[in-house]
Amino acid sequence: MTAWFGTFALTLGFCSALASVGLWTWAAATGRADPPARWPAVVSLLGAAGAIGAAEWALLSHDFSVRFVAENGSRATSAYYTFTSLWAAHDGSLLLWVFLLSCFVAVVALRRMPGLGNLHSWATTVLSAVAAFFFGLALFTGHVFERVSPAPSDGPGPNPLLTDHPAMGIHPPLLYTGLVGMAVPFAFAVGGLITGKLDRRWLAAVRGYAVVAWTALTAGIVMGAWWSYAVLGWGGYWAWDPVENSSLLPWLVATALLHSSMVQRRRQALPVWNLSLSVAAFLLACLGTFLTRSGVTASVHSFADSGVGPVLLGFLAALAAGVVALVLLRADRLGTPRPVGAPLSRGSAILANNVVLVALTVTVLFGTVFPLLAEWTTGQQLSVGPPYYNRMAVPICLVLLLLMALGPLVRWRGDDAGRLLRRMALPVVAGAAAVVVTALTAGGGTMTLLTFGLATLVVASVVVDVVADVRQTRARAGAGWVRAVGTWWSPHRRRAAGLLVHVGVVLVAVGVAASSAYTSASERTLHPGEQAAFAGHHVRLEKVDRERTGGEMRTAARLRLDGAGGAGGAGGAGGAVIAPALRYFPGHDMTVATPVTVSGLGGDVYVTLLSAEESGKSATLRLAVNPLVGWIWAGGTVMVLGSILAAWPRRRRRRAPEEAGREKAPDAGPEPELALEGTGR
């Protein structure tokens, strides 16, 4: 019954998506957006919800007559990880993808946008067509609801790596929300090409969706890095894995889009550029889907070869070819390029920011796909590892930090070099001081010192900009500082939110630089009762425990960590008792390391059990101190909070005529509905 209902729900969703394509095409062609055209999208959402609900019911009820449950379920798996095992394999994760995409389609279809005319109808047509494709992919190539006869009494359960951390319930849905959300700007960009309406109206329509997708993707990427750091035992958080890169690529392009959309709003410039970024973000999301599901890359994140690789590649090629054809057909309506502003202006700084972001995207994309292209053309298996990305990407990221420092201080209407240099004097001094202090106290290479200096430069420029604005507000209102801050905050909340996101980026940059340059690690083999010193800490092996529970064998080293001071701050008279472990799963022939992290303000003490003698007479440990790695998670949290603050709806209030005139002035701050646009003068 469960399998029948799930198949019926998928079929209903697929047919409704096709009906939505037809009805919205008719509405776009006739210039009518009749309410009946909206409801097939709702039915598609109900179908997707029914399919995912049926799959979860089969998993939680241990219905091993369903193939997906027989291959991925287990009675020994806890209810939480049984629930999350839906997206632990290709077919189930495709259902999650379809469900989230159906949510976006339904929201776009039900939202009335009278100012856009048939642009909204064409955009919904494109979005419905994308949903129909993925519904068809799940229905005709997926095997979630196939029956197994005879049904086994139990299953192997999900991959052990996916049952060792609670982030499994949050990280994949966040990533999928971000990747799927890129379909909305893509659909409106294609709709703009079809209708020839490439002014800022289409961009205003998708800005909120782009912010939601960017926020979810940011949270997903940071949580994935934290999960990798906490579970895999290798001591790192980002390995430039092809599938990791596939989530970073659309994030970079979406970041560029959120910045360049400001230029089109203020200067009516860069419409084709913004259209291209909207298209590229979704195409890169589809490329990541292909890399994950085609089996062409060896990655801990990849699913086994599901056979849908050629279909996804064909879909990606069709999307790209369709957009190129539309651009050629509408070349006469794209308009002539308009200037973004004076050379020393906010518009020029944002354009430079976009160029650097695109350069970083191309760098990462080349390193990701080059091994695949080399293997397809020459048959040779090549790899592009961290040295390439560190050599190529790090300098580009430093340029981005420099532009982030410049952005808050340069004006939209333009600046002369003298005034700009005077505004930058204090931040430059602060940045130089940070470089000197870091070099004297911690040392480090050129790139590391530049990162600390530019990070300080960014924060100082934000402080200088905000203080100058609050001082002006205080002078106009004749109020104290506290009241002036409140007066400034209300109309500039989203501007402040954009600056908060920049501060989050700085925290991440400092955390990455410090943990990469100053990490101290060593391997030690200890016997029970033996003690070792490392980086200001002491660790003593008390005993080695072995136990077998369920389908796993666990070996744990019981240690007493006693470090006075140092990065981890794990001091104390008795020390901290920790137990890093190795878990072996015979059914999967897999060993999973479970490290222990003792965190402090200065960094983490990170202990991993590498091996242990069967007799328990010795254990080999990796002992490391990772400075400031917690700043990465803090920075990611600040970025997400800033973007949520930027996207939060603003309470409308009536303004006095003179106040409204100030907000509409060419040199005024950003419009309230614009998210993540940083500062405005």
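Only a predicted model underlies this, so the values are computations on that prediction, with no experimental measurement involved.
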Given side-chain contact (heavy atoms from CB on, under 4.5 Å), test His537 with Val605 step by step and report yes or no. CA-CA 9 Å; His537 295 270; Val605 174; 3.6 Å; yes
Show which side-chain atoms of residues 216-227 pair as donor or acceptor with protein atoms under 3.5 Å away, not counting sequence neighbours.
residue: Thr218; atom: OG1; partner: Trp214; partner atom: O; Å: 2.7
residue: Thr218; atom: OG1; partner: Trp251; partner atom: NE1; Å: 2.7

Taking the side chain as every heavy atom from C-beta outward, state whether Val577 and Leu559 have any pair of such atoms under 4.5 Å apart. no
Stepwise, does the side-chain contact (heavy atoms from CB on, under 4.5 Å) test hold for His259 with Asn354? CA-CA 8 Å; His259 284 81; Asn354 267 228; 3.9 Å; yes
Kindly give the heavy-atom pair with the smallest separation between Gly511 and Tyr237, and that separation in Å. O-OH, 4.2 Å
Residues Leu449 and Gly444: closest non-hydrogen pair is CD1-O, 3.9 Å
Please report the shortest heavy-atom distance between Arg524 and Leu623, naming the atom on each side. CG-CD1, 3.8 Å
Hey, can you pull the donor-acceptor pairs under 3.5 Å for the side chains in residues 386-398, sequence neighbours left out?
residue: Tyr388; atom: OH; partner: Thr363; partner atom: O; Å: 2.9
residue: Tyr389; atom: OH; partner: Asn245; partner atom: ND2; Å: 3.1
residue: Tyr389; atom: OH; partner: Gly367; partner atom: O; Å: 3.2
residue: Tyr389; atom: OH; partner: Thr368; partner atom: N; Å: 3.3
residue: Asn390; atom: ND2; partner: Pro386; partner atom: O; Å: 3.2

Closest non-hydrogen contact found for Pro250 with Leu179 is CG-CD2, 3.6 Å
Would you call Arg558-Glu542 a salt bridge at under 4.0 Å N-O? yes
Note, Leu526 side chain near Val539 side chain (heavy atom, < 4.5 Å): yes
With no hydrogens and no angle check, do the side chains of Asp589 and Tyr584 hold a donor and an acceptor under 3.5 Å apart? yes
Strictly by modelled atom types, are Thr82 and Thr77 linked by a side-chain donor-acceptor pair under 3.5 Å? no
Test log, rule side-chain contact (heavy atoms from CB on, under 4.5 Å), inputs Val592 and Asp164: CA-CA 9 Å; Val592 178; Asp164 200 37; 4.2 Å; yes
Any Met590 side-chain heavy atom under 4.5 Å of Leu161 side chain: yes
Checking the side chain of Ser247 only, and the main-chain atoms of Glu244 only, is there a donor and an acceptor separated by less than 3.5 Å? yes
Less than 4.5 Å apart, side chain to side chain, heavy atoms only: is that true for Val508 and Met639? yes
Side chains of Tyr80 and Thr163, donor plus acceptor under 3.5 Å: no
Got Pro595 and Val607 here, is their nearest side-chain heavy-atom distance under 4.5 Å? no
Would you find more than 12 non-hydrogen atoms of other residues, nucleotides or ligands less than 6.0 Å from Trp97 atom CH2? yes
Looking at every heavy atom in both Leu258 and Ala210, which two are closest together, and how far apart are they? CD2-CB, 4.1 Å
Do Leu162 and Thr84 have side chains that approach each other closer than 4.5 Å (heavy atoms only, starting at C-beta)? no
Looking at side-chain heavy atoms only, is the closest gap between Tyr229 and Asp604 below 4.5 Å? yes
Donor-acceptor pair, distance only, cut-off 3.5 Å: does the side chain of Thr608 make one with the backbone of Leu610? no
Heavy-atom closest pair (Val459 atom, Val506 atom, distance to 0.1 Å) is CG2-CG1, 3.8 Å
Can you confirm whether Leu402 sits close enough to Leu406 that some side-chain heavy atom of one is under 4.5 Å from a side-chain heavy atom of the other? no
For Tyr606 and Arg622, indicate whether the former's side chain and the latter's backbone hold a donor-acceptor pair under 3.5 Å. no
Would Leu357 and Val253 count as a side-chain contact (heavy atoms from CB on, under 4.5 Å) here? Give the steps. CA-CA 7 Å; Leu357 280 169; Val253 175; over 6 Å; no
